[in-house]
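Being a predicted model, the structure only gives us computed values, none of them experimental.
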Amino acid sequence: MRDACRVEAYSAEGGGKHFMTLPERIWQRGDLLLAAAGSLACVRTLYLRAAELGKLHQFLPCPLTRADYAAGQAAEHLAARLREAARRPGVGGVVLYASCAEVLTQCDLEQVAEQAGLPVRILLRGPLVARTRNAVAELEQILSTFPPPVGEIPRGSAPLPVLPPDFSGVASLLQSWDAYPFLLTAGGCTGCLTLGDDATAGLRLEHSRFDDLELAAGCEAAAVNGIARGFAHSGRAFCGLMGSAIPELLGMDYTGIQESLAERGVPVLRFPCTGFESAPVGVDRALRNLATWRRPEGRDNQRISILGYSDLALGSRQPLRLGAEALTTRGYQVCVWGEEGFGGGELRSAPALNWVVTAEGLGAARQMEADYGIPYFCGLPLERYGLERWLSRFSTAAKGAPPEKPVEHETGNRTLLLIGAPIATEGLAWAIRGEYPNCRILRAFYAPYRTLKELYRPFLTADTLLFGDPAELAAWATPDVLLADPLFFPSLRPWFPRAELLACPEPGVCGRGGLPARWLEDVACVMSAIGKSHTW
């Protein structure tokens, strides 16, 4: 008799590129769109593949929310997206990539196809149908039914990036903790951790895998057995339990799983991930959970904890270096929170200060200040000019010194637009303004989802914008230079045809990289070129 659930260690290897993948086969024909439905995890996997192959103009992301499925509105929303696609030039048809969520909720995909206004073919894939369907053979049959192509989809447009899901961010965060990270999933969701993501090769993560028969047999008891075995061999202090879309839609009994694991001596902290929320939102909630799980005893007045850092949030630790060195010379020990030690599930004494390096860390910092009286300060000190501003904030938090004076923003004849996360772009702005005091610097935070807008709202100023659509950005600013992750460029180039585009990889967008070591020199080159060779 087969187990009702299997447990596997995550591996970035697999799905080899030596053979023709399903998306590649679809995109061989230049008039076909691949429409990807499902949770963020499902859609991001395909988005990264499209970006890698230069096929974003043939990709239509259709992320759906838990509420869409619960209210029975998934089909309606999909049909609306496809009707929009039908109005695009060159589109001869759509292959609708359906996910496990559409299978599980019995979404009426045939009705979606009928209402689309162009030829639509449905391809079911994923763990819940893999046992009974051959997706490769079905795709070949599907492609043969489309009318002959009469043109191609032009390359002039592309969707904005699809962000990583919540469990992706939490899994990255837990790498700094003495944790055994475990993801409850049907199995396919881990694909969003691989493509385009250099930082996941050594990711410490185990996950479940089950098909339709195993799901019918009940997965909770088998998952508990697998988690208990894996935790016993891990040597870690606690299990960090995460979920994904299928367990969320099933209403899986997380409380029962936690209680069963506790009976077997496994300390568990559940992180309420669903696969429908973005990584920053998931990390924000995870840090709040960690902040209230164990009450620290005493205070270490020589330690400063870094809140909000993970490989996915910032990439390398290079942006932390200047600040850590400055604090070390002042007699402090600086550690990423979680790396100070977490023996037996109890955090050591509280730090003197919390240093918040991403928006994801602000909620936990405020909570720890209210509960334990730990002050905090925010910022990333980049280059000498940024370090001066950052040290001013540190002094205010540490000594209660007068607050820093507001900066007088001089408006020159050049405008620089920074797109990225709030604290990272603030650090960039500090450093650039020190070099170019007459440059007007604007910052925009990409927040296509309501919960992400709420997370970023405390960082809004007169020179910032929350946006989820290129039109919002174009109506707000006409920059001479646009500094952003390169995955934004295919979408934004048609809206900013005269702007110089300067690449600054953001791990939370492209899944790899981080702030380049010579970024300020790159800015200098572009700013110098604008002054000499462009008139605006």
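- For the pair L163/P448, a side-chain contact is recorded, criterion being any heavy-atom separation below 4.5 Å from C-beta on.
- Using a 4.5 Å heavy-atom threshold, the side chains of C239 and I227 count as touching.
- Note that OG1 of T292 is 10.0 Å distant from CE of M368, once rounded to the nearest 0.5 Å.
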Can you list the steps and then say if E102 with S99 is a side-chain hydrogen bond (donor to acceptor under 3.5 Å, both in side chains)?
-> CA-CA 6 Å; E102 286 77 59; S99 71; 2.7 Å; yes
**Request:** Check the pair L173 / L290 against side chain to side chain contact (heavy atoms under 4.5 Å, CB included), numbers first and verdict last.
**Result:** CA-CA 11 Å; L173 175 75; L290 288 163; 4.3 Å; yes
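- A donor-acceptor pair under 3.5 Å is absent between the side-chain atoms of S39 and the main chain of A245, judged by distance alone.
- In this structure, the side chains of C62 and V43 stay at 4.5 Å or more apart for every pair of heavy atoms.
- Judged by distance alone, the side chain of S172 and the main-chain N or O of S168 form no donor-acceptor pair under 3.5 Å.
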Can you check side-chain hydrogen bond (donor to acceptor under 3.5 Å, both in side chains) on T21 and E24, steps first, answer last?
CA-CA 5 Å; T21 64; E24 283 177 278; 2.9 Å; yes
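- No hydrogens or angles considered: nothing links the side chains of N354 and R366 as a donor-acceptor pair under 3.5 Å.
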Pair T274, R66 - check side chain to side chain contact (heavy atoms under 4.5 Å, CB included), show working. CA-CA 8 Å; T274 65; R66 187 190 186 286; 5.5 Å; no
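- To the nearest 0.5 Å, the span separating CG on L307 from CG on L362 amounts to 9.5 Å.
- Nearest approach of I374 to A350, heavy atoms of both residues: CD1-CB, 3.6 Å.
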| Yes or no on side chain to side chain contact (heavy atoms under 4.5 Å, CB included) for F182 and L184, after CA distance, side-chain angles and deciding distance? | CA-CA 7 Å; F182 191 91; L184 278 172; 4.0 Å; yes
- request: Please lay out, stage by stage, how F488 and Y446 fare under the test ring-ring contact (aromatic ring centres under 6.0 Å, His included).
  value: CA-CA 10 Å; F488 283 103; Y446 178 50; 5.2 Å; yes
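- Side chain of Q58 to backbone of L32: a donor-acceptor contact under 3.5 angstrom is found.
- Under a 3.5 Å cut-off, the side chain of S491 and the backbone N or O of A158 do form a donor-acceptor pair.
- A distance of 6.5 Å separates CG of L143 from CD1 of I26, quoted to the nearest 0.5 Å.
- Using a 4.0 Å cut-off between a side-chain N of Lys or Arg and a carboxylate O of Asp or Glu, E52 and R49 qualify as a salt bridge.
- Closest approach of V357 to L320, counting heavy atoms only: CG1-CD2, 3.7 Å.
- Under the 4.5 Å side-chain criterion, counting only non-hydrogen atoms from C-beta, L82 is in contact with V112.
- Both tests hold for R270 against Y254: distance to the six-membered ring centre under 6.0 Å, angle to the ring axis within 45°.
- By the 4.5 Å heavy-atom criterion applied to side chains, L60 and L34 are not counted as neighbours.
- Between atom OG of residue S349 and atom CG of residue D300 there is a gap of 4.5 Å, rounded to the nearest 0.5 Å.
- Across all non-hydrogen atoms, the minimal contact from A37 to L64 is CB-CD1, 4.5 Å.
- Put simply, the side chain of Y449 does not reach to within 4.5 Å of the side chain of T65, judged on heavy atoms.
- Going from atom CD of E277 over to atom CZ of R450 covers 7.0 Å, rounded to the nearest 0.5 Å.
- W27 places no side-chain N or O within donor-acceptor distance of the main-chain N or O of F59, the cut-off being under 3.5 Å.
- At least one side-chain heavy atom of M252 sits less than 4.5 Å from a side-chain heavy atom of I257.
- Note on R25 versus E140: salt bridge recorded, some NZ/NE/NH1/NH2 to OD/OE distance being below 4.0 Å.
- Nearest heavy-atom pair across R317 and S176 is NH2-OG, 4.1 Å.
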Steps toward side chain to side chain contact (heavy atoms under 4.5 Å, CB included) verdict (L455, L452)
CA-CA 5 Å; L455 180 66; L452 193 54; 4.1 Å; yes
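- With no hydrogens or angles considered, no side-chain donor-acceptor pair links Y180 and D178 at under 3.5 Å.
- For the pair A98 and L109, the tightest heavy-atom approach, listed with the atom from each and the gap, is CB-CD1, 3.6 Å.
- Between the R204 side chain and the A179 main chain, a donor and an acceptor come within less than 3.5 Å of each other.
- At distances below 3.5 Å, at least one donor-acceptor pair connects side-chain atoms of Q175 with backbone N or O atoms of A171.
- Aromatic ring pairs are classed by plane angle as parallel below 30°, tilted from 30° to 60° and perpendicular above 60°; the pair Y456 and F445 is perpendicular.
- Note that R121 lies in the cation-pi zone of F146, set by a 6.0 Å cut-off to the ring centre and a 45° limit from the axis.
- For D485 (side chain) and E506 (main-chain N/O), a donor-acceptor pair under 3.5 Å exists by modelled atom type.
- Using a 4.5 Å heavy-atom cutoff, the side chains of L353 and P351 are not in contact.
- Between the CG atom in D108 and the OG1 atom in T105 there is a gap of 10.5 Å [rounded to 0.5 Å].
- A salt bridge does not link E339 with R303: every distance from a Lys NZ or Arg NE/NH1/NH2 to an Asp or Glu carboxylate oxygen is 4.0 Å or more.
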Please determine whether ring-ring contact (aromatic ring centres under 6.0 Å, His included) holds for the pair W337 and Y309, giving the CA-CA distance in whole Å, both sets of side-chain angles, and the decisive distance to 0.1 Å. CA-CA 8 Å; W337 193 45; Y309 173 80; over 10 Å; no
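- Here the side chain of D166 pairs no donor or acceptor atom with the backbone of C273 at under 3.5 angstrom.
- Without hydrogens or angle criteria, R288 side chain to A365 main chain gives no donor-acceptor distance under 3.5 Å.
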| field | Derivation and outcome, salt bridge (Lys or Arg N to Asp or Glu O under 4.0 Å), residues E454 and R457 | value | CA-CA 5 Å; E454 292 172 357; R457 193 161 283 120; 5.4 Å; no
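- L40 and F276 get closest at one heavy-atom pair: CD1-O, 3.7 Å.
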